[in-house]
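To start, the structure under review is shown below, and the notes come after it.
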There are 2 protein chains.
Amino acid sequence: MNLKSRRQYEARARIAKALAHPSRLLILDALADGERCVCELTPLVGADQSTVSKHLAVLRNAGIVEDRKDGVMTYYRVKICCLQGLWQCIESVLKQNFDEQRAAMEV
Amino acid sequence: MNLKSRRQYEARARIAKALAHPSRLLILDALADGERCVCELTPLVGADQSTVSKHLAVLRNAGIVEDRKDGVMTYYRVKICCLQGLWQCIESVLKQNFDEQRAAMEV
DNA sequence: CGTATTCATGGCGATATGGCCATGAAAGAA
DNA sequence: TTCTTTCATGGCCATATCGCCATGAATACG
């Protein structure tokens, strides 16, 4: 079974937790092809600027994004390169769920 | 940028949310090499049996595990095959965070 | 039959999360 | 300097999550 320590599961869960919000996933998607400032992300998310800032802080604290200050702006960018594989995994779960639901409907 | 719909981000976030708890990650690890009943998982998690049942329900509702009832037991098993890649992504984030922390210490 | 075991669920309290508002710091413009 | 823009943070409230306890359903065993 090779179980890991409680600490390691907590560390993993912190990363997953940072990804567990639709607005943060939208932000990561928007950052996929380059850095964006908060003022660009705010209308995309469609929430208050303070709310977007807090979401970005969650992603930054998890080590998923990093920021660069330029004058009065703060630009955020994705710091990791494996997100694509992560989405594929999640999408495969969603597809399987969808297929099963459809199969259940057709019975 | 190719942003997706709010619904798609919510669907993705539900999957991530189901993974965002150390006890549930421990459970998935324990299920990695085969099915286990609740009575086996409960001492591993170290929580109340009802707590473990609820964690399993979260994973089941997300479509990550499925169950099989045999007599008075319920056996759970992982339903998806891409978890390994997901762990690799999360571990790469953790490793990078750790490396950066160490680098900051050594300055 | 009655009893024991296994598991799921409702309830409840403590804590965490997420949203907006208000505020303040920092940088640039006038 | 004063005003504006950009962003982060504290406060507050509503909601969600998580833990345990208690209970009930279903099956197995005497």
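Order of the sequence lines fixes the chain letters, A, B, ..., with proteins taken first and strands second; residue numbering starts at 1 for each chain. Small disclaimer: the values here were computed from a predicted structure and weren't measured.
Between A:Arg60 atom CZ and D:dA8 atom P the separation is 6 Å, expressed in whole Å. Look at CE on A:Met73: it is 12 Å from P on C:dA29, rounded to the nearest Å. We find that CD of B:Glu10 is positioned 15 Å from C1' of D:dA16, with the value rounded to whole Å. The distance from atom NZ of B:Lys69 to atom P of C:dT6 is 15 Å, rounded to the nearest whole Å. A:Asp48 places its CG atom 15 Å from the P atom of D:dT9, with the value rounded to the nearest Å. Atom-to-atom, CD of A:Gln49 to P of C:dC21 comes out at 12 Å; the value is rounded to the nearest Å. When rounded to the nearest whole Å, the span between OH of A:Tyr75 and P of C:dA27 equals 15 Å. In this entry the distance linking CD of A:Glu35 with C1' of D:dC7 reads 16 Å, nearest Å.
Residue A:Val72 has its side chain nearest to C:dA27 when only C:dC7, D:dA8, C:dA27 are considered. Which of D:dT17, D:dC7, C:dA16 sits closest to the side chain of A:Lys17 comes down to C:dA16.
OP1 or OP2 of D:dA8 has not a single side-chain nitrogen or oxygen of A:His55 nearer than 4.0 Å. Considering only side-chain N and O atoms, A:Thr51 lies nowhere under 4.0 angstrom from the phosphate OP1 or OP2 of C:dG18. At the phosphate of D:dT6, neither OP1 nor OP2 sits under 4.0 Å from any side-chain N or O atom of A:Tyr76.
In this structure, the side chain of B:Thr51 does not engage the main chain of B:Ala47 through any donor-acceptor pair within 3.5 Å. The backbone N or O of B:Trp87 lies less than 3.5 Å from no partner atom in the side chain of A:Arg12, so there is not a single donor-acceptor pair.
For A:Glu35 and A:Arg68, the salt-bridge test passes: some basic side-chain N is under 4.0 Å from an acidic carboxylate O. Taking 4.0 Å as the cut-off between side-chain N and carboxylate O, A:Lys17 and A:Glu10 do not count as a salt-bridged pair.
By the neighbour-count criterion of 12 heavy atoms within 6.0 Å, atom CD of B:Gln101 is sparsely surrounded, having that number or fewer from other residues, nucleotides or ligands.
The closest side-chain donor-acceptor pair between A:Gln49 and A:Ser53 falls under 3.5 angstrom.
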Report, one pair per line, the protein and nucleotides 10-13 of chain D atoms (nitrogen or oxygen only) whose separation is under 3.5 Å.
residue : atom : partner : partner atom : Å
D:dG10  : O6   : A:Lys54 : NZ           : 3.3
D:dG11  : O6   : A:Lys54 : NZ           : 2.7

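No contact: A:Ala57 has no heavy atom under 4.0 Å from any strand.
Hydrophobic clustering (ILVMFWY, side-chain heavy atoms < 4.5 Å, transitive): B:Val58 and B:Leu56 are in distinct clusters.
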